[in-house]
Amino acid sequence: MKAAVIIGGGPAGCQCALWLCMLGYEATIIEKSDRLGGLQCNSPYVNDWLVGTVNLRGQDIANNIQKQIEKMNIPVLYNSIINSIKKNSTGFEINTGNEIIATHNLVIATGVRPRDGSFESTSAVIVGPGKEIYNEQFTNRRVAILGGGDSAAENYSFIREKNPKLCHVYARTVKARQNLWGKIDSSDIFLGEYKADQKSMSIIHDDKMYIYDIFTVLYGWEANIPNSLLSLKNQLLNEQGFIAIDESRRTRISNIFAAGEVTHFLHPCVATAMADGVIVAKSIQFQFENIIA
């Protein structure tokens, strides 16, 4: 029987699996895609916020995560989802459709996904930051950025470097750091309520209509909850829609832990997600060795 099955192969899930392996426990990662690294797989930007990764892009960090998990021979089920979770006296029975795994503990490390604000991703609408914006041709095009957070401000600067015909930022509220928001040309900022229509690619603000070629929707993030856990959401989720945990990363359901951005912890990033994975691994070790955390 496994010590843990970890749902999600991003930084939090992989760090948890690595530490469990180093501590002498067996773990299996279940990853819905064909690679490890989570959101870093979609980031072509240099991530100098993570110490020891000078000049490495998010995609490079994801590749390094994959290499280390493979080097340690930690089992990973790629392109897999959990069909059902059955609780029993010793833990859980996890059914992926292809196999059934017995485990003492379940670790949810499924991260977050961009809030879409009811927009549908198309060739003219980009939902969330990452390689789609990085690879887009903005030259001589009319661009609207929807959102008032750090991501909106950062991508404004990036898009402006690609010489769009215009680039406007629509924000009902401003949550971005001032050193970022201050870099936006004040004439490009539209504050307050607005109505954006994807079909006509128009936005109405202060009773004026503006037409765009591209919408970039940067409304922040929401917890990525697998369908197999939806029946437990009333027990798992807090009022903000993220997984509720204690200081040891235990959820409200015994033997289920959660790590990373799916819990909406303070200062979410790669570094804190990995730290969360370590905390979960140590909590599981303490559980087996009857150590008081």
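These numbers were taken from a predicted model, which means no experiment stands behind them. Values below: every heavy atom of this structure, side chains too, minus hydrogens, waters and symmetry copies.
- The cluster map of Ile, Leu, Val, Met, Phe, Trp and Tyr, joined by side-chain heavy atoms under 4.5 Å apart, puts Ile30 and Leu18 in different clusters.
- A single hydrophobic cluster is not seen to contain both Ile6 and Ile81; linkage of ILVMFWY side chains at heavy-atom distances under 4.5 Å, directly or through other members, places them apart.
- Between Phe190 and His168, the ring planes are tilted. Angles from 30° to 60° get that label.
- Shown here is Gln68, whose CD atom has no more than 12 heavy atoms of other residues, nucleotides or ligands within 6.0 Å.
- In terms of heavy atoms, Ile189 sits closest to Trp181 at CD1-NE1, 3.6 Å.
- Counting non-hydrogen atoms of other residues, nucleotides and ligands closer than 6.0 Å to CD of Glu154 gives a total above 12.
- Tracing side-chain contacts under 4.5 Å through hydrophobic residues (I, L, V, M, F, W, Y), one never reaches Met1 starting from Ile94; they form parts of separate clusters.
- By the 4.5 Å heavy-atom criterion applied to side chains, Thr216 and Glu136 are not counted as neighbours.
- Remark: Lys87 NZ is packed, more than 12 non-hydrogen atoms of other residues, nucleotides or ligands lying under 6.0 Å away.
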*Evaluation steps, side chain to side chain contact (heavy atoms under 4.5 Å, CB included), between Val270 and Trp49*: CA-CA 9 Å; Val270 175; Trp49 290 86; over 6 Å; no
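- Put simply, CD1 on Ile279 and CH2 on Trp19 are 10.0 Å apart, with the number rounded to the nearest 0.5 Å.
- The hydrophobic cluster containing Val278 does not contain Val51, counting ILVMFWY residues as joined when their side-chain heavy atoms lie under 4.5 angstrom apart, directly or transitively.
- Taking 4.5 Å as the limit, every side-chain heavy atom of Val217 sits out of range of all side-chain heavy atoms of Asp116.
- Counting heavy-atom neighbours within 6.0 Å of Gln137 CD, excluding the residue itself, gives a total of 12 or less.
- The distance from the OG1 atom of Thr251 to the CG atom of Leu229 is 9.5 Å, given to the nearest 0.5 Å.
- When atom types are taken as modelled, the side chain of Ser202 and the backbone of Met209 share no donor-acceptor pair closer than 3.5 angstrom.
- Taking OG of Ser84 as the start and CD1 of Ile100 as the end, the distance is 7.5 Å to the nearest 0.5 Å.
- Using a 30° and 60° split on the angle between ring planes, Phe158 and Tyr134 fall in the parallel class, below 30°.
- Between Ala273 and Pro11 the shortest heavy-atom distance is CB-CB, 4.4 Å.
- Formation of a donor-acceptor pair under 3.5 Å by the Asp34 side chain with backbone atoms of Tyr78 is not found in this model.
- Inter-residue side-chain proximity for Tyr156 and Leu218 is flagged as unmet; no heavy-atom pair is nearer than 4.5 Å.
- Counting only heavy atoms from C-beta outward, the side chains of Ile7 and Pro226 approach each other to under 4.5 Å.
- Remark: Ile256 CD1 to Ser254 OG distance equals 7.5 Å, nearest 0.5 Å.
- Looking only at distances, no side-chain donor or acceptor of Arg57 sits under 3.5 Å from a matching main-chain atom of Tyr45.
- Between the side chain of Arg252 and the main chain of Leu237, a donor-acceptor pair closer than 3.5 Å is present.
- The two atoms that bring Ile29 and Gly8 nearest to each other are CG2-O, 3.9 Å, heavy atoms only.
- For Glu31 and Ser33, the side-chain atoms include at least one donor-acceptor pair closer than 3.5 Å.
- Hydrophobic clustering, with ILVMFWY side chains joined whenever heavy atoms are under 4.5 angstrom apart, groups Ile145 together with Ile126.
- Of the possible donor and acceptor atoms, one in the side chain of Arg249 sits under 3.5 Å from a partner among the backbone N and O of Glu247.
- Note that NE2 of His104 and CZ of Phe92 are 11.5 Å apart. Values are rounded to the nearest 0.5 Å.
- Proximity of Tyr170 to Leu146: side-chain heavy atoms (C-beta onward) are separated by under 4.5 Å at one or more points.
- In this structure, a donor-acceptor pair under 3.5 Å is present between the side chains of Ser187 and Asp185.
- The closest side-chain heavy-atom distance from Leu20 to Val280 is not below 4.5 Å.
- Not one N or O on the side chain of Asn105 forms a donor-acceptor pair closer than 3.5 Å with the backbone of Val5.
- Few gaps surround CD on Glu99; more than 12 heavy atoms of other groups in view lie less than 6.0 Å from it.
- The cationic atom of Arg172 (NZ for Lys, CZ for Arg) lies less than 6.0 Å from the six-membered ring centre of Tyr194 and within 45° of the ring axis.
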*Candidate pair Ile245 and Asn238, rule side chain to side chain contact (heavy atoms under 4.5 Å, CB included), full reasoning*: CA-CA 9 Å; Ile245 52 172; Asn238 59 24; over 6 Å; no
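- Nearest approach of Ala176 to Ala153, heavy atoms of both residues: CB-CB, 4.3 Å.
- Checking side-chain atoms of Thr139 against main-chain N and O of Lys162 turns up a donor-acceptor pair under 3.5 Å.
- Of the options Asp213, Asn163, Leu166, a side chain to side chain contact (heavy atoms under 4.5 Å, CB included) to Arg141 is made by Asp213 and by none of the others.
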*Yes or no on side chain to side chain contact (heavy atoms under 4.5 Å, CB included) for Ile214 and Ile159, after CA distance, side-chain angles and deciding distance?*
CA-CA 11 Å; Ile214 299 177; Ile159 292 171; over 6 Å; no
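- Residue-environment remark: CE (Met22) stays at or below the threshold of 12 foreign heavy atoms within 6.0 Å.
- Residues Val112 and Leu39 are in side-chain contact: their nearest non-hydrogen atoms beyond the backbone lie under 4.5 Å apart.
- Expressed to the nearest 0.5 Å, how far CD of Glu261 lies from OG1 of Thr272 amounts to 6.5 Å.
- A pairwise comparison of heavy atoms in Gln66 and Leu36 identifies OE1-N, 2.8 Å as the closest pair.
- Side-chain contact between Val107 and Ile284 is present, with at least one heavy-atom pair separated by less than 4.5 Å.
- Judged purely by distance below 3.5 Å, without hydrogens or angles, the side chains of Lys2 and Thr28 pair a donor atom with an acceptor atom.
- Side-chain atoms of Asp246 come within 3.5 Å of backbone atoms of Ser248 as a donor-acceptor pair (strictly under, hydrogens ignored).
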*side chain to side chain contact (heavy atoms under 4.5 Å, CB included) between Asn98 and Leu77: does it pass, once the steps are laid out?*
CA-CA 10 Å; Asn98 293 320; Leu77 303 183; over 6 Å; no
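- Put simply, the side chain of Asp276 gets close to the backbone of Gly260: a donor and an acceptor are under 3.5 Å apart.
- A donor-acceptor contact shorter than 3.5 Å is absent between the side chain of Asn63 and the backbone of Asp60.
- Under 3.5 Å, the side chains of Gln285 and Lys282 contain a donor-acceptor pair of N or O atoms.
- Pairing each heavy atom of Asn42 with each of Pro129, the nearest pair is ND2-O, 3.4 Å.
- Atom NZ of Lys32 has 12 or fewer neighbouring heavy atoms from other residues, nucleotides or ligands inside a 6.0 Å radius.
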